[in-house]
Amino acid sequence: MKIAIMGAMPEEIKPILEKLDAYEKVDFAKNSYYKGKYKSLDVVVAYSKIGKVFSTLTATTMLEMFACDILLFTGVAGAVNPDLKIGDLVVATKLAQHDLDITIFGHPHGFVPGGSVYVESDPDLRALAKIVAQKMGVEVHEGIIATGDQFIASEERKEFIAKTFKADALEMEGASVAVVCDALDVPFFILRSISDAADMDAGFNFEEFVESSAKISADFLMRLLDELIERLVV
Ligand code: OS5
């Protein structure tokens, strides 16, 4: 069993790499992949760089070239749901591309023929996350994540995304990773910790909280990995 662990930025995978027992760096397609061991598990860790194109390339590489069996994504997100505060954890139930728009042909936002507006994440991994949250005594929210190639710092755009996709959080990579995993039939899990509220303060808040929120997400992901190992061994 080989697990892919992905982030988009260095900050998002740094706390993961620090917890690996050993790893080697393999360069491919202008990116670095860290092949290593975490306890009994083989893992491949990488940050893709920002956005849907780079995250698609990295997810595909991890599944096809490194032959990973499960993909786990960790990182930060902007809050859409006003109940979500900085540092809160959000597990994606399903993901959509908020900037995919061929509505002029009568299709809904986020839809292209042959695809679907939403891609659902793996229910078993979500259930495991609930067990981990309970054991840790932390609250983990489940919700819809909207993805697009834009850093959102506007109430107007945020409202559009909230209304159109019923999104709870937004970011720039999750839905593209979801499309890749769904197409290749690989179970995936997308976890984000809130770094900002996608509003006019988002730029400042993001810079202030990216590191701490990225660590909250990465630390939870490692606990999920521990739980996965227990279940795979027993
Ligand atoms: O990966 C991008 C999406 N992430 C989630 C997120 C988000 N997405 C959209 N809207 C929001 N309000 C969001 N809040 C959180 C975070 C990330 C956002 S883009 C951040 C770019 C930051 C940056 N720019 N330059 N550097 C960092 C330094 C640098 C310079 C050269 C090469 C590499 C890094």
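Worth saying up front: this structure is predicted, and the values here are computed from it rather than measured. When reading the values below, keep in mind they use all heavy atoms of this one structure, side chains included, and skip hydrogens, waters and symmetry mates. Counting starts at 1 for both ligands and their atoms, in listed order.
- Protein heavy atom in closest approach to atom 10 (N) of ligand 1: Ile152 N, 2.9 Å.
- Less than 4.0 angstrom separates atom 8 (N) of ligand 1 from at least one non-hydrogen atom of the protein.
- At least one heavy atom of Ser195 sits closer than 4.0 Å to an atom of ligand 1.
- Using 4.0 Å as the threshold, Gln150 has a heavy atom nearer than that to some atom of ligand 1.
- The structure places CD of Glu211 at 12.5 Å from OG of Ser195, a figure rounded to the nearest 0.5 Å.
- The 12-atom threshold is exceeded at CZ of Arg157, counting heavy atoms of other residues, nucleotides or ligands nearer than 6.0 Å.
- Inside a 4.0 Å radius of atom 31 (C) of ligand 1 there is not any protein heavy atom.
- Atom 34 (C) of ligand 1 lies below 4.0 Å from none of the non-hydrogen atoms of the protein.
- The closest protein non-hydrogen atom to atom 16 (C) of ligand 1 is Phe206 CE1, 3.4 Å.
- Atoms CE and OG1, on Met62 and Thr60 in that order, are 11.0 Å from each other to the nearest 0.5 Å.
- For atom 23 (C) of ligand 1, the closest non-hydrogen atom of the protein is Ile50 CD1, 4.8 Å.
- The side-chain contact (heavy atoms from CB on, under 4.5 Å) test with Asp168 is passed by exactly one of Val80, Leu84, Asp83: Leu84.
- Distance check on atom 27 (C) of ligand 1: every protein heavy atom falls at or beyond the 4.0 Å cut-off.
- Between the NZ atom in Lys14 and the NZ atom in Lys19 there is a gap of 11.5 Å [rounded to 0.5 Å].
- The protein heavy-atom contact nearest to atom 5 (C) of ligand 1 is Val76 O, 3.1 Å.
- Among the candidates Lys39, Lys135, Lys130, the single residue satisfying the salt bridge (charged side-chain N to carboxylate O under 4.0 Å, His left out) test with Glu227 is Lys135.
- Atom 14 (N) of ligand 1 has Asp196 OD2, 2.7 Å as its closest protein atom, hydrogens excluded (heavy atom only).
- Atom SG of Cys68 and atom NZ of Lys2 lie 6.0 Å apart (nearest 0.5 Å).
- In this comparison of Glu173, Lys49, Met172, the heavy atom closest to atom 1 (O) of ligand 1 sits on Glu173.
- Using a 4.5 Å cut-off on side-chain heavy atoms (C-beta onward), Leu72 and Met6 make no contact.
- Side chains of Tyr38 and Asp226: a donor on one and an acceptor on the other come within 3.5 Å.
- Closest to atom 13 (C) of ligand 1, if we only count protein heavy atoms, is Phe151 CE1, 3.4 Å.
- For ligand 1, the atoms closer than 4.0 angstrom to any heavy atom of Ala8 are 1 (O).
- Taking CD1 of Ile5 as the reference point, atom OG1 of Thr74 lies at 9.0 Å (rounded to 0.5 Å).
- The N/O atoms of Met9, backbone and side chain alike, include none that comes under 3.5 Å of an N/O atom in ligand 1.
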